Structures are given as C-alpha cells and as structure tokens.
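Comments concern the structure below.
Predicted model, so just to flag it, every value in this text is computed and none were measured. Only this structure's heavy atoms are used, side chains among them; waters, hydrogens and symmetry mates stay out.
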Amino acid sequence: MLDAGILARIRLKGNPANVSIISTYAPTRDATETTKDDFYGELQQLSSSIAARDYLIVAGDFDARVGPSDQTTRQILGKFGQDHRCENGQRLVNYALMNHLVITNTIFQHKPSHLLTWHSNDGVTKAQIDFILVRQRWRSSVQDSRSYNGADTGSQSGSDHRLVAAKILLRLAIRRKNKSKQFERYNLPLILMFLDFIAAFDSVTRQKLWKILENDGMPLKFVELMKAYYDASVSRVRIYGEEIEEFLVEFGVKQGCVLSPTLFNYCIDWVLVNALSSYPGAQVGQNLSLTDLDYADDVGLLSEPVEALNMLDSVVAWADLISLKVSTEKTKFMAINHDTGPFTLTVNQVQLEKVNRVEFKACPTATTRPKSESTEASEGSRISRLLVYGYWYTHSITGLGYREFFVI
C-alpha cells in the first residue's frame with residue numbers, strides 16, 4: 001500500500017568499504033500519524049542494521065519540506081533548503097540528527113530550478129521534497145547534489161518529480177595486514193588532534209546543560225534543584241580595591257563548586273557521543289577501537305587521515321550548540337606515519353598548527369622515538385608511549401592491561 005510508504009535496501013560489496021543504499025517512498029502529508037510513525041520506525045530499524053563502516057546513502061521521496069538550516073540543524077542541513085519546515089520535514093530532520101546524516105541537496109548553492117524536486121501537474125506548485133542523505137563523516141566526499149529536469153517532468157503523462165543526483169568522490173585507504181602476528185600490524189597513517197576549548201568551564205550554556213541532564217535520565221527533582229542553585233547567580237569584579245556593581249552570570253559552571261567537574265563532564269560527553277558516534281576511530285585491538293582520549297576540557301581525537309577533517313568539523317559543530325568554542329591558536333595536531341605529502345586541518349577556515357610533540361596533561365606525545373628516557377617516567381608518560389609506539393607503529397597494546405587502559 002503506497003500510503004504506508006515503501007523501503008528498499010541494497011548493499012554493494014567493495015574493497016575496502018561496502019556501500020549500503022536505502023531507497024525511500026515516505027507516506028504523504030495526508031497520511032495518519034500512526035502510518036508516519038510506523039514508516040520512520042521501520043526506517044530507523046533498517047538504518048541501525050547498516051554496518052558503521054559502510055558508506056550509507058538514504059535517498060528518495062520524503063514528501064517533506066525541511067527549510068534552511070538553523071542553529072540546531074546546521075550540522076545536517078545546508079542553508080539552501082527550500083520553503084518552511086513542515087511536520088513531515090521535522091520528522092526527516094529528527095531522523096537525520098539521530099543517525100548523523102547530512103541532507104546533501106540543501107548544502108550546495110544552485111538556481112531554484114536545480115533545488116526544487118517536485119512540480120505539480122498544475123504547472124504552478126513546486127517544492128523540494130526529494131533528498132539524498134549521507135553520513136556526516138563522508139560529507140566532504142559529496143562534490144555536488146542537485147535536481148535535473150527530465151523531458152516528461154510536469155507533463156500529464158510523465159512524472160511530477162525531477163531526478164535528484166549527487167556527485168560523490170571517495171578516497172579510501174587500503175589496509176595491509178601481516179597475518180603472522182597475534183594482532184594485525186598496520187602501516188596506516190594516523191592523525192591525532194588535540195583540542196582546546198576557549199574558557200570551557202565558563203562558556204557552557206546552562207539551559208542546554210539542564211536539557212542534557214534531563215535527556216540522560218537525571219531525576220527531574222535533581223535537575224530542578226540544580227536550576228535553583230544556579231538561578232540568579234551574580235558576580236562582582238574588584239578593580240584597584242573597589243568592587244563594581246554585581247552582574248548576572250548566565251553561562252558556565254560555578255568555579256570551586258564540587259559539582260562543577262561532573263556537570264561539565266556531562267556537557268563534553270554529550271558533545272563527543274553525538275559528534276563521534278558514526279566514526280570508527282582507531283582500532284587498537286580485535287574488538288576495541290578509540291575515537292578520543294579526554295581529560296577534563298582537553299580532548300584528543302584519533303582518526304585516519306581520510307576522516308580527520310570530518311571528525312573535527314563534527315566535534316566543532318556539536319560543541320558550538322552548547323557555546324563551546326575551539327581555540328584555533330591552542331588546538332594542535334600530529335600526523336604519524338603520514339608520508340604521502342602535506343596534510344592540513346582547519347577550524348572555521350583557520351589552519352591548525354602541525355607539531356611533532358604535544359604536552360597533553362602530563363602525557364607527552366611525540367612522533368619520533370626519543371634517544372633516552374628517564375627511569376622515573378610518570379605513569380601517564382608510560383601509557384602515552386605505549387599508545388604511540390605500541391599502537392601507532394605495531395597496532396598492538398601489548399603490556400597495557402584492559403583495566404589500566406580505561407583508568408587514563
């Protein structure tokens with residue numbers, strides 16, 4: 001029954017990555033709420049079954065007007081979405097946010113005839129209701145996405161939909177394995193990104209913090225107590241012994257409060273879980289991979305070069321939603337085993353500094369093995385060396401126990 005919507009899936013096997021395509025025909029705006037709920041529930045179940053490493057494409061007629069991006073949707077929508085967002089459009093946006101998908105034919109600027117995808121047979125009504133979605137981690141692989149006019153589009157005997165196509169260019173690294181070792185040995189380049197947030201503890205939006213606590217299952221009574229504790233917070237500044245008038249503080253967690261580190265951890269964890277959930281990160285064992293190593297507001301991201309910029313952009317976008325800004329001056333990156341030419345990373349069009357050594361919360365990390373080392377090296381330095389010289393060069397974490405690993 002067409003009113004209930006149609007879903008179809010195909011998986012194209014490739015080396016080193018497979019491509020999964022979901023074709024959709026969503027219920028129309030006139031369908032019942034139950035029908036729409038059932039369709040998106042089935043679409044979500046199908047999407048969740050796709051392997052994380054697959055290149056996922058979701059495309060079809062959603063009968064949804066999504067409109068342009070705003071502060072909360074700019075990571076999945078472009079500014080060239082047409083019309084105003086309708087109820088079906090909100091469903092599609094929610095689905096894209098949940099699955100970290102970007103709606104590609106809203107992010108490229110084209111003339112209106114190449115943005116609109118549906119023309120009514122009345123010759124007047126037009127809309128953008130057909131879309132192509134890909135995972136955010138692959139956003140940079142989409143070179144263009146637009147609609148094309150067909151010979152029979154809009155005619156009484158032809159289709160009222162226009163062809164929507166995306167130009168996709170994939171650059172995939174091939175993994176070379178030495179099967180004689182217990183753990184596979186890879187000679188892949190790795191990118192380590194060391195993020196620094198500007199005045200992190202003083203910048204978090206408190207209203208977003210309360211929402212994060214609620215969504216994480218924190219008892220509402222506790223959330224309300226925290227709101228009351230922070231309500232009408234004021235501060236004074238002393239200049240040359242004189243205090244200025246008190247002013248209201250609406251951002252950040254309280255300095256010196258025993259709860260502040262925990263509250264901030266909720267925020268940074270929310271950012272990283274949402275930003276990195278679709279990225280495999282770096283594999284450190286047969287069934288163990290890492291996307292990030294964190295200490296308070298200092299975050300280290302681990303990625304292969306092909307995904308590094310998308311991963312970084314995703315973290316920057318999600319952090320911005322709670323008013324956390326990445327410092328382009330203090331954020332650095334290292335390229336390990338990357339000898340295929342120059343490699344650059346940017347944040348907000350500012351190029352980041354590439355370094356050979358980073359002091360990361362008492363855990364110095366280097367791209368080359370030191371000639372000599374003190375016998376009194378800290379445990380943090382030992383773990384850092386095991387990561388760099390154990391994993392980065394041999395893809396093994398021999399000597400680092402599972403329990404130790406998560407005590408960092």
Side-chain angles (χ1 to χ4, degrees), residues 69-77 93 97 193-277 292-301 312-332 346-350 352-353 358-362 408:
S69 61
D70 53 34
Q71 185 69 16
T72 61
T73 60
R74 64 183 185 180
Q75 69 270 28
I76 60 104
L77 265 179
V93 166
L97 285 169
M193 296 159 279
F194 299 91
L195 275 60
D196 185 274
F197 294 100
I198 301 173
F201 281 77
D202 299 325
S203 302
V204 173
T205 305
R206 289 177 182 174
Q207 293 305 316
K208 294 288 182 65
L209 170 58
W210 312 142
K211 196 67 177 177
I212 290 171
L213 293 177
E214 290 178 18
N215 292 340
D216 200 59
M218 187 70 66
L220 185 59
K221 183 176 181 180
F222 179 82
V223 177
E224 292 299 326
L225 285 172
M226 292 306 305
K227 287 182 181 179
Y229 175 56
Y230 272 82
D231 188 38
S233 299
V234 295
S235 292
R236 293 178 183 269
V237 176
R238 180 177 298 164
I239 304 176
Y240 298 117
E242 298 291 332
E243 292 184 354
I244 67 172
E245 292 185 5
E246 64 182 30
F247 56 89
L248 192 64
V249 179
E250 299 178 316
F251 291 86
V253 292
K254 291 188 175 183
Q255 296 293 327
C257 175
V258 68
L259 287 175
S260 293
T262 301
L263 294 176
F264 181 80
N265 283 345
Y266 267 98
C267 294
I268 201 69
D269 185 64
W270 178 84
V271 169
L272 296 175
V273 166
N274 284 285
L276 304 178
S277 62
D292 57 292
L293 294 171
D294 319 314
Y295 185 92
D297 60 332
D298 288 328
V299 175
L301 303 179
L312 180 59
D313 286 343
S314 181
V315 173
V316 170
W318 280 95
D320 190 57
L321 295 178
I322 58 173
S323 301
L324 284 178
K325 307 294 183 183
V326 172
S327 169
T328 55
E329 179 181 353
K330 296 182 179 180
T331 297
K332 317 289 184 184
T346 59
V347 171
N348 298 326
Q349 300 182 340
V350 178
L352 301 180
E353 180 185 359
V358 173
E359 294 292 336
F360 190 64
K361 290 298 183 184
I408 294 177

Tell me every residue that passes side-chain hydrogen bond (donor to acceptor under 3.5 Å, both in side chains) with [X], counting only those two or more places apart in sequence or in another chain.
X: T73; result: D70
X: S323; result: T205
X: R236; result: none
X: E242; result: none

Separation between CG of D298 and OG1 of T331, rounded to the nearest 0.5 Å: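 One finds 9.5 Å between CG of D298 and OG1 of T331.
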
D297 and L324: CA distance, side-chain angles, deciding distance, side-chain contact (heavy atoms from CB on, under 4.5 Å) verdict: CA-CA 10 Å; D297 60 332; L324 284 178; over 6 Å; no

Once side chain to side chain contact (heavy atoms under 4.5 Å, CB included) is applied, do any residues pair with [X], and if so which ones, sequence neighbours excluded?
X: S327; value: D196, I198, E329, K330
X: D313; value: L309
X: V234; value: E246, L248

Please determine which of L312, V326, L352, V315 meets the side-chain contact (heavy atoms from CB on, under 4.5 Å) test together with M193.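 Answer after filtering L312, V326, L352, V315: L312.
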
L213, I212, N265 screened by side-chain contact (heavy atoms from CB on, under 4.5 Å) with W270, the one that passes: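 One option only clears the test, and that one is I212.
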
Test side-chain contact (heavy atoms from CB on, under 4.5 Å) applied to L209 and M226, step by step: CA-CA 10 Å; L209 170 58; M226 292 306 305; over 6 Å; no

Please list all pairs passing the ring-ring contact (aromatic ring centres under 6.0 Å, His included) test where one or both residues lie in residues 230-263, with sequence neighbours left out.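 Qualifying pairs: W210-Y230.
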
Taking all heavy atoms of [X] and all of [Y], pick out the closest pair and write down the distance.
X: L77; Y: S69; result: O-CB, 3.3 Å
X: C257; Y: P261; result: O-CD, 3.5 Å
X: F197; Y: A319; result: CE2-CB, 3.8 Å

May I have all residue pairs that pass salt bridge (charged side-chain N to carboxylate O under 4.0 Å, His left out) and include part of residues 247-272, sequence neighbours excluded?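 Counting only pairs at least two positions apart or across chains, no salt bridge (charged side-chain N to carboxylate O under 4.0 Å, His left out) contact touches residues 247-272.
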
What pairs of residues pass the salt bridge (charged side-chain N to carboxylate O under 4.0 Å, His left out) test when at least one of them lies in residues 200-214, not counting sequence neighbours?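 Of all non-adjacent pairs touching residues 200-214, those that pass salt bridge (charged side-chain N to carboxylate O under 4.0 Å, His left out) are E214-K227.
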
Among residues at least two apart in sequence or on other chains, which ones pass ring pair (Phe, Tyr, Trp, His ring centres under 6.0 Å) with F264?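 F201.
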
Find out whether I268 and V299 are in side-chain contact, i.e. whether some heavy atom of one side chain is under 4.5 Å from a heavy atom of the other.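 Answer yes - side chains close enough.
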
